[in-house]
Amino acid sequence: MRTLLLAGMAIAVAAGAAGAQPVRDQATQAGSAGVAQRLQSLGYKNVHDLRRGADGRWTGKATRHGVPSTVTVQPRGAVIAR
């Protein structure tokens, strides 16, 4: 009985640790080509100068609806244009 209880607790702890992992967008993990493809799927054109920061964010330049902007892609995939 005690062994079964300990095994159940170990499984619960492992599941909790797996759930605590940060969620990352597949595009940001695929490198600059994946990030460029993600931006293009959102309507951005002329994507260039992509650089990955130490915090996992990708920053570059792109044009959307004829307006050039600096874009940042968060590790979870959110896009911010300024």
Side-chain angles (χ1 to χ4, degrees):
M1 181 74 160
R2 182 176 177 197
T3 303
L4 187 58
L5 179 61
L6 290 175
M9 288 175 53
I11 291 170
V13 168
Q21 297 294 322
V23 176
R24 301 244 182 221
D25 183 60
Q26 288 180 343
T28 61
Q29 295 299 304
S32 62
V35 172
Q37 186 176 15
R38 169 134 172 83
L39 289 169
Q40 290 168 353
S41 73
L42 295 172
Y44 289 92
K45 299 189 185 307
N46 193 26
V47 178
H48 59 95
D49 295 338
L50 287 171
R51 296 176 311 277
R52 185 174 188 268
D55 57 0
R57 295 182 199 179
W58 287 87
T59 304
K61 306 278 185 191
T63 303
R64 186 174 187 201
H65 304 297
V67 179
S69 60
T70 299
V71 291
T72 301
V73 181
Q74 303 287 340
R76 290 183 172 212
V79 177
I80 301 167
R82 323 181 267 314

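- Remark: the backbone N or O of Val79 is not paired with any side-chain donor or acceptor of Arg38 at under 3.5 angstrom.
- Within the 4.5 Å cutoff, no side-chain heavy atoms of Trp58 are placed close to those of Leu39.
- The minimum heavy-atom distance linking Gly60 with Leu50 is given by the pair CA-CD2, 3.9 Å.
- Within the 4.5 Å cutoff, the side chain of Lys61 has heavy atoms near those of the Thr70 side chain.
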Worked verdict on Arg82 versus Thr72 for side chain to side chain contact (heavy atoms under 4.5 Å, CB included):
CA-CA 8 Å; Arg82 323 181 267 314; Thr72 301; 2.9 Å; yes

Start with the C-alpha distance between Val73 and Arg57, add both sets of side-chain angles, then the distance that settles side chain to side chain contact (heavy atoms under 4.5 Å, CB included), and finish with yes or no.
CA-CA 6 Å; Val73 181; Arg57 295 182 199 179; over 6 Å; no

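- Atom CD of Gln29 is surrounded by more than 12 heavy atoms from other residues, nucleotides or ligands within 6.0 Å.
- Counting all heavy atoms, side chain and backbone alike, Pro75 lies closest to Asp55 at CG-O, 3.8 Å.
- Under the side chain to side chain contact (heavy atoms under 4.5 Å, CB included) rule, Gln40 has a single partner from Asn46, Val47, Val35, which is Val47.
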